[in-house]
Engineer: 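What follows is a structure written as structure tokens; I'll ask about it next.
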Amino acid sequence: MQHQLVVYNSLSRKKELFKPFSPPFAGMYVCGPTVYGDAHLGHARPAITFDLVLRYLQHLGYKVRYVRNITDVGHLENDSDHGEDKIGKKARIEQLEPMEVVQFFTDRYHQDMDLLNVKRPSIEPRASGHIIEQIEMVKTILENGFAYVVNGSVYFDVHQYHKSRSYGRLSGRILEDLIAGNRVLEAQDEKRHAEDFALWKKAGEGHIMRWPSPWGEGFPGWHIECSAMSSKYLGEVFDIHGGGMDLLFPHHECEIAQSNAATGKDAVRYWMHNNMITINGQKMGKSLGNFITLREFFEGNHPSLDQPYSPMSIRFFILQAHYRSTLDFSNEALQASDKGLKRLLEAYETLQNLQPAEKSTVETQHVEKKCYEALNDDFNSPLAIAALFDAVKTINSVKDKKESLDKAGISHLKATFDTFLIDILGLKGESASESKKFHDLVGSLMQMVLELRQNARQNKDWQTSDKIRNELSRLKIEVKDGKDGATWSLQ
RNA sequence: GGUCUCGUGGCCGAGUGGCUAGGCAGAGGUCUGCAAAACCUCCCACAGCGGUUCGACUCCGCUCGAGACCUCCA
């Protein structure tokens, strides 16, 4: 298929033509959640962003292997070398096995992502299931002379690495500046330099999650899991590595260093980073305590929320902004998305029942063209959505008999909506998940009710017709009288 | 303090050296028993100050303001 997909590469800070390492295959690795709590709105951003990337690459004909990890060990809080393990802490507080915590929140994460219509990755590896691979990689880095062992821990030697390679290319950080900006080494610190980071940590007395290693009992550092698992499943060199912008430094910078130290090559060809979601102009995050979980959004169960928001509204809200822009949350903005999406989906329904005319009075080819142009330009979903809204106007005009479309025009528009709205943007209607049988039954019943109401209206029995409409309205069913009879929809 | 990003109409958000983003909200109109929806029209924005240019919201500089990263965070 003819296309010129351009991707913004965080490493070069430029848009680059997307050329996979070995087409038609494409490998993508995205940093998944650390499962010690429910996913919040911020977690939905990378999930949906890279879901769009996955869906579009698949649409273009690539065979994508999509790896998204579950971090369940090694992610420490407060300070990368001295804090308590996040999972371990949760387990201690709740008096659970760490893996119970992991399973519980992994399941809930999957539920949330399913509701958002985010496709499951091809492989979802857990860090704790790849201890051997991580140890092997640490050994290789040690053998290559880019790490050192102290007291049963292994640290990456950033200075040694920087002599032959370049550290800081992704984040644009200069090692010398880093040194100047860093806090002073604590007296008992084992590291040679503050910039060094842990590849393997010796487990202290109270540490629950621990594995044997050549350096004694311990656990892997946070950064090594992604390097080890991505190379295991995608090879030493793969196409796309994604994640949130906040992971750019140090996490991804360290990944680059680790892979280079182990194999001598850059593992990743295109680094992609989604921007943050803000609330009152500030980043939504765990540390600031200003996050709202996805479940709270779905249920409207949070003091900052005026109402519940459906998963599709959240998805649409996120797709209405470009993934590299910050996106500011507010009830007003979310309500706007909610209504906009409704309008889009209603037009999609209308399109299914449009009657073809002999000749078209409007041209619809440009919608598809604009959608392709938008997505080819670094996945510009808001522009693609704008193009679909252009088509909404056309569809409604045809419905109102102000314009007309012939058979070919309608089927082309249908195909465009099916491709972009449903398949690529993944904005299926809420009702799509309900059983078809139930749906059909309600449809027949409604047809009957509306017929009775139509009779009443013909007899100018407004009392009866309004009663039917009001009763239905109470059942959250909205009736609209159009030129060709009434239609209904669930509110 | 260092590195970087951004500042678009009531709100959210695209984009571009000269031509309409789009959505939501608001105003008027068409339609309609009423209502809702839909459609049409309007609200013609680009932080400020300089500079480059025939022409800048778009390029450059400065000022002001906001944010991210530099410590766990998607």
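Remember, it's a predicted structure, so these values are computed and weren't measured experimentally. A note on names: the letters A, B, ... follow the listed sequences, proteins ahead of strands, and every chain is numbered from 1.
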Engineer: Measure up the A/F417 and A/Y348 rings against each other and bin them: parallel (under 30°), tilted (30 to 60°), perpendicular (over 60°).
Structural biologist: parallel
Engineer: Using whole Å, what does the distance between atom P of nucleotide B/rA68 and atom CG of A/D246 come to?
Structural biologist: 11 Å
Engineer: Measure centre to centre between the rings of A/F197 and A/H251, then say whether the value is under 6.0 Å.
Structural biologist: no
Engineer: Side-chain donor-acceptor contacts of residues 395-402 of chain A below 3.5 Å, not counting sequence neighbours, with atom names and distances?
Structural biologist:
{"unit_1": "A/N396", "atom_1": "ND2", "unit_2": "A/V392", "atom_2": "O", "d": "3.3"}
{"unit_1": "A/S397", "atom_1": "OG", "unit_2": "A/K393", "atom_2": "O", "d": "2.9"}

Engineer: Tabulate protein N/O versus nucleotide N/O from nucleotides 26-30 of chain B, keeping only pairs under 3.5 Å, one per line.
Structural biologist:
none

Engineer: Quick one: list whatever passes side chain to side chain donor-acceptor pair (under 3.5 Å) with A/K369, sequence neighbours left out.
Structural biologist: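 For A/K369, the residues satisfying side chain to side chain donor-acceptor pair (under 3.5 Å) (neighbours in sequence not counted) are A/E373.
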Engineer: Rounded to whole angstrom units, what separation is found between the CG atom of A/L351 and the P atom of B/rA38?
Structural biologist: 16 Å
Engineer: Between B/rU53 and B/rG17, how far apart are the two C1' atoms, rounded to whole Å?
Structural biologist: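 About 9 Å, rounded to a whole number of Å.
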Engineer: When rounded to the nearest Å, what value does the distance between P atoms of B/rG50 and B/rC42 take?
Structural biologist: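 Result for the P pair: 33 Å, nearest Å.
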Engineer: Using the C1' atom in both, what is the distance from B/rC70 to B/rG10, to the nearest Å?
Structural biologist: 37 Å
Engineer: Which value, in whole Å, describes the distance between the C1' atoms of nucleotides B/rU5 and B/rC24?
Structural biologist: 27 Å
Engineer: Taking atom types as they are modelled, would you say the side chain of A/R469 forms a donor-acceptor pair with the base of B/rA36 within the 3.5 Å cutoff?
Structural biologist: no
Engineer: Would you kindly check if the NZ (Lys) or CZ (Arg) of A/R68 is within the cone defined by 45 degrees around the ring axis of A/Y29 and under 6.0 Å from the six-membered ring centre?
Structural biologist: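 No, A/R68 and A/Y29 do not form such a contact.
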Engineer: With sequence neighbours left out, what residues match A/N290 under side chain to side chain donor-acceptor pair (under 3.5 Å)?
Structural biologist: none
Engineer: Name all residues meeting the salt bridge (charged side-chain N to carboxylate O under 4.0 Å, His left out) criterion together with A/K15; count only those two or more places apart in sequence or in a different chain, and write none if there are none.
Structural biologist: A/D377
Engineer: Give the rounded distance in Å between these two atoms: CG of A/L288 and C1' of B/rC69.
Structural biologist: 13 Å
Engineer: Rounding to an integer number of Å, can you tell me how far A/L344 CG sits from B/rA37 C1'?
Structural biologist: 16 Å
Engineer: For RNA chain B, please output the secondary structure as dot-bracket, reading 5' to 3'. Pairs are Watson-Crick or G-U wobble, both atom distances under 3.5 Å; mark crossing pairs with [ ], other-strand partners with |, unpaired with a dot.
Structural biologist: (((((((..(((.....[...))).(((((.......)))))....(((((..]....))))))))))))....
Engineer: Answer with base, sugar-phosphate or nothing: what part of the nucleic acid does A/N396 contact at a heavy-atom distance below 4.0 Å?
Structural biologist: sugar-phosphate
Engineer: To the nearest Å, give me how far apart CG (A/L472) and C1' (B/rA35) are.
Structural biologist: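 Whole-Å distance recorded here is 14 Å.
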Engineer: Could you check whether A/Y270 and A/H241 have their ring centres less than 6.0 Å apart?
Structural biologist: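 They do not qualify: ring centres at least 6.0 Å apart.
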Engineer: Can A/D107 and A/Q111 be counted as having a side-chain donor-acceptor contact under 3.5 angstrom?
Structural biologist: no
Engineer: Contact class for A/G42 vs. all strands (heavy atom < 4.0 Å): base, sugar-phosphate, or nothing?
Structural biologist: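 Base contact.
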Engineer: Taking only the C1' atom of each, what is the distance from B/rC19 to B/rC44 in whole angstrom?
Structural biologist: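 The same atom, C1', in both gives a distance of 14 Å.
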Engineer: Output the rounded distance in Å from NE2 (A/H252) to P (B/rC4).
Structural biologist: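 From A/H252 NE2 to B/rC4 P: 20 Å.
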Engineer: Need to verify one output field. Residue with the more 5' nearest nucleotide on RNA chain B, A/W462 or A/S397?
Structural biologist: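 So the residue in question is A/W462.
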Engineer: I'd like the C1' distance from B/rU20 over to B/rG15, given in whole Å.
Structural biologist: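 Each nucleotide's C1' atom is 11 Å from the other's.
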Engineer: Report the distance from atom NZ of A/K283 to atom C1' of B/rA66, rounded to the nearest whole Å.
Structural biologist: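 The answer, rounded to whole Å, is 16 Å.
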Engineer: Contact class for A/H273 (heavy atom, under 4.0 Å): base, sugar-phosphate, or nothing?
Structural biologist: nothing
Engineer: Could you tell me if the ring centre of A/F156 sits under 6.0 Å from that of A/Y161?
Structural biologist: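 Close enough - the centres of the two rings lie under 6.0 Å apart.
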Engineer: Sequence neighbours left out, what passes side chain to side chain donor-acceptor pair (under 3.5 Å) with A/R474? Give chain and number order.
Structural biologist: A/E471
Engineer: Provide the full list of salt bridge (charged side-chain N to carboxylate O under 4.0 Å, His left out) pairs with a residue in residues 323-333 of chain A, sequence neighbours left out, each pair given once.
Structural biologist: A/R324-A/D378
Engineer: Could you state the CD-C1' distance from A/Q463 to B/rA35, rounded to the nearest angstrom?
Structural biologist: 17 Å
Engineer: Please tell me if the side chains of A/C254 and A/Y167 come closer than 4.5 Å, counting only heavy atoms from C-beta onward.
Structural biologist: yes
Engineer: Can you build the contact string for nucleotides 11-24 of chain B? Use B for base contact, S for sugar-phosphate-only contact, and - for no protein heavy atom under 4.0 Å.
Structural biologist: SSSSS-----BSBS
Engineer: Taking A/D38 first and then A/R108, would you say they form a salt bridge - that is, a charged N and a carboxylate O separated by under 4.0 Å?
Structural biologist: yes
Engineer: Heavy atoms only, 4.0 Å cut-off, all strands: where does A/V30 land among base, sugar-phosphate and nothing?
Structural biologist: nothing
Engineer: Using the P atoms only, state how far B/rA74 lies from B/rC40, rounded to an integer number of Å.
Structural biologist: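 These two P atoms come out 44 Å apart once rounded.
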Engineer: Sorted by first residue and then second, give each salt bridge (charged side-chain N to carboxylate O under 4.0 Å, His left out) pair with at least one member in residues 278-294 of chain A; sequence neighbours left out.
Structural biologist: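 Every salt bridge (charged side-chain N to carboxylate O under 4.0 Å, His left out) pair that includes a residue of residues 278-294 of chain A, provided the two are not neighbours, is A/D246-A/K283.
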Engineer: When the P atoms of B/rC64 and B/rA21 are considered, how many whole Å apart are they?
Structural biologist: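 About 32 Å, rounded to a whole number of Å.
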Engineer: Using side chain to side chain donor-acceptor pair (under 3.5 Å) as the criterion, list what pairs up with A/T416, not counting sequence neighbours.
Structural biologist: none
Engineer: Using the 3.5 Å cut-off, write out each protein N or O paired with an N or O of nucleotides 42-46 of chain B and the distance between them.
Structural biologist:
none

Engineer: Considering every strand and a 4.0 Å limit on heavy-atom distances, what is the contact class for A/M245: base, sugar-phosphate, or nothing?
Structural biologist: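 If one applies the 4.0 Å heavy-atom cut-off, A/M245 turns out to touch nothing in the nucleic acid.
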